[in-house]
Colleague: 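To start, I am sharing the structure in question, which I have written as structure tokens.
By convention in this document, chain letters (A, B, ...) are assigned in the order of the sequence lines, proteins followed by strands, and residues within each chain are numbered from 1.
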2 protein chains.
Amino acid sequence: MSLIIQNISKHISLTQEEECLFLSKTQILNYKAKTIVLHSGEICKHSYFVNHGLLRSFNINDNIVEHVLHFACEGWWIGDMYSLISQKPGNLFIEVLEDAEVVLLSKENQEILYQEIPKLERFFRILTEKSLVSNQERLMDNLSLSAEERFEKFCKKYPTLIQKVPQKQIASYIGVTPEFFSTMKSKMLRK
Amino acid sequence: MSLIIQNISKHISLTQEEECLFLSKTQILNYKAKTIVLHSGEICKHSYFVNHGLLRSFNINDNIVEHVLHFACEGWWIGDMYSLISQKPGNLFIEVLEDAEVVLLSKENQEILYQEIPKLERFFRILTEKSLVSNQERLMDNLSLSAEERFEKFCKKYPTLIQKVPQKQIASYIGVTPEFFSTMKSKMLRK
DNA sequence: AAAGCAACTTAATGTAGATTAAGAAATTTT
DNA sequence: AAAATTTCTTAATCTACATTAAGTTGCTTT
């Protein structure tokens, strides 16, 4: 069974026909590393589900400083939620970090699917709730923890990502500069 | 029409019977200011919708430092999403800041309502999506903006709250100490 | 209205993390 | 495999914000 159907089946159960219908509304694309799948300023037309490979979303400050919002590897969803639901230009980039196979679900097809398979409302509600919870936790961590503590939490929460993601992007995710991250890391190793 | 039904009707349409059914599954409670509606360590059993008054959710660090996650005044929802969906003990407090009338929707009744009025899945999906978008924006702001810029955004985004919320809690929301907030504010006025 | 407490202010001092800069290591491109 | 580009490291200096402390204003309680 395809990974995306497995993912959905964790929270709702679909009949064979529903699975087929769902898949028929998606397309699978392969991307090379460094491809920018969505540019800041564009309207986000799709949700992306990662079959394999690694993507990230980030924005860029006036300054040219990047801030990573989200990493997505195998079995994860990614997109620009703001732009996707408002259909206005967003301020996120989505970039492929490692060659990837991605399932695209367009906004229109998603709405069609909501009508044809109302259970999917439930699935995406649950998905969004989980995403919200994890975001709230990250927000509170940024308000209350030191950079070291945030890094430790990151390692525990995403052990597979540490191997894969360039260090400067982990730095950006936890909210410090690459220079500070580097010195902090070697300080932590010395203990 | 009740405020909560208006709120729901912004995104889905309910029949008369559905409205009645929905309301029959809720209860309305009045709280005095300073009431703690939910304590850290408890399992959150309800979603709260504010008819009038003002509530906030926050957590407390080892240190006794509070961090405000969310304010909710008239027409807003509040709860501990993590605890609500996992039904595990949460780490948020929910406190009444101004005498309030609140609609409570229990987790069980919410699940019953999902079965009886499947459209509600859609409503709460959309609600959660909006919440996620606003949270993501706040997270990115915390990563990329200065305290002054965050405060200015707060003022623009929640103009009614500035009048109502004690200053030290705005400080906590934007992620600075009350002392720094105070000096920052008077510096901003001098310009 | 007095007493008590919490919220706000101001100022001095301290520090986590930013910035700048320059070299070393690793990866990509040719 | 050389050249080019990007990532990582180290170290010095700087700054936004925290901490501490003490005083003031404004609520709340009695």
Colleague: Provide, to the nearest angstrom, the distance between the CE atom belonging to B/Met188 and the P atom belonging to C/dT9.
Modeller: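 After rounding, the gap between these two atoms is 13 Å.
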Colleague: Rounded to whole Å, please give me the gap between CD in B/Glu66 and P in C/dA6.
Modeller: 12 Å
Colleague: Taking the side chain of A/Ser182 as heavy atoms from C-beta outward, which of C/dA11, D/dC8, C/dT20 is closest to it?
Modeller: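 Among the listed nucleotides, the one closest to the side chain of A/Ser182 is D/dC8.
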Colleague: Among D/dC17, C/dA7, D/dA11, find the nucleotide with the atom closest to the side chain of B/Phe180.
Modeller: D/dC17
Colleague: Could you please name the option among C/dT28, C/dT9, D/dT7 that lies closest to any side-chain atom of A/Lys34?
Modeller: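 So the nucleotide nearest the side chain must be C/dT28.
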Colleague: May I ask you to check whether over 12 heavy atoms, not counting those of B/Gln16, lie within 6.0 Å of atom CD?
Modeller: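 Count not over threshold, so no.
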Colleague: Residues two or more places apart in sequence or in another chain: which of them pass ring pair (Phe, Tyr, Trp, His ring centres under 6.0 Å) with A/Phe58?
Modeller: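 Ring pair (Phe, Tyr, Trp, His ring centres under 6.0 Å) check on A/Phe58 returns A/Phe93.
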Colleague: By nearest atom, which of the nucleotides C/dC8, D/dT9, C/dG17 is closest to the B/Gln167 side chain?
Modeller: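 Among C/dC8, D/dT9, C/dG17, the one nearest the side chain of B/Gln167 is C/dC8.
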Colleague: Could you check whether A/Gln110 and A/Lys25, counting side-chain N and O atoms only, form a donor-acceptor pair closer than 3.5 Å?
Modeller: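 Distance-only check fails for A/Lys25 and A/Gln110.
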Colleague: Below the 4.0 Å mark, does D/dA18 have OP1 or OP2 next to a side-chain nitrogen or oxygen of B/Thr177?
Modeller: yes
Colleague: Pick base, sugar-phosphate or nothing for B/Arg150, based on heavy-atom distances below 4.0 Å to the nucleic acid.
Modeller: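 Sugar-phosphate, backbone atoms only, no base.
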Colleague: Kindly calculate the angle separating the two end axes of the helix from C/dA1-D/dT30 to C/dT30-D/dA1, each obtained from five base pairs, and round it to 10 degrees.
Modeller: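 That helix has its two terminal axes inclined by roughly 60°.
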Colleague: Are more than 12 heavy atoms, taken from residues, nucleotides or ligands other than A/Gln115, located less than 6.0 Å from that residue's CD atom?
Modeller: no
Colleague: Identify which nucleotide among D/dT10, D/dT19, D/dC17 has an atom closest to any side-chain atom of A/Thr183, counting heavy atoms from C-beta outward.
Modeller: D/dT10
Colleague: Identify whether any heavy atom of B/Lys185 sits under 4.0 Å from a base atom; if not, whether one sits that close to sugar-phosphate; answer base, sugar-phosphate or nothing.
Modeller: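 Sugar-phosphate: the residue B/Lys185, judged by heavy atoms under 4.0 Å, touches backbone atoms but no base.
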Colleague: Rounding to an integer number of Å, can you tell me how far B/Met184 CE sits from C/dC8 C1'?
Modeller: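 So the two atoms are 14 Å apart, to the nearest Å.
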Colleague: Which of these nucleotides, D/dA11, C/dG17, C/dT10, is closest to any side-chain atom of B/Ser186?
Modeller: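 The listed nucleotide nearest to B/Ser186's side chain is C/dT10.
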Colleague: Calculate the interatomic distance between B/Lys168 atom NZ and D/dC17 atom P; express it in whole Å.
Modeller: 20 Å
Colleague: Should the ring pair B/Trp76 and B/His70 be called parallel, tilted or perpendicular, given that the plane angle runs from 0 to 90° and is split at 30 and 60?
Modeller: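 B/Trp76 and B/His70: tilted rings.
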Colleague: Considering heavy-atom distances to DNA chain C, does B/Val165 or A/Glu148 have its closest nucleotide positioned more toward the 5' end?
Modeller: B/Val165
Colleague: Which heavy atom in B/Ser172 sits nearest to a heavy atom in B/Val68, and how many Å separate them?
Modeller: OG-N, 2.9 Å
Colleague: Rounded to whole Å, please give me the gap between CG in B/Leu97 and P in D/dT28.
Modeller: 13 Å
Colleague: Rounded off to whole Å, could you give me the NZ-to-P distance for the B/Lys187 and C/dT10 pair?
Modeller: 12 Å
Colleague: Figure out the CD1/P separation between B/Ile174 and D/dA16, and round it to whole Å.
Modeller: 15 Å
Colleague: Indicate yes or no: does B/Lys119 engage B/Glu18 in a salt bridge with an N to O separation below 4.0 Å.
Modeller: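 Yes, charged N to carboxylate O under 4.0 Å.
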Colleague: Do NZ/NE/NH1/NH2 and the carboxylate oxygens of A/Glu152 and A/Lys156 come within less than 4.0 Å?
Modeller: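 No, A/Glu152 and A/Lys156 are not salt-bridged.
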Colleague: What integer distance in Å separates B/Glu179:CD from D/dA21:C1'?
Modeller: 10 Å
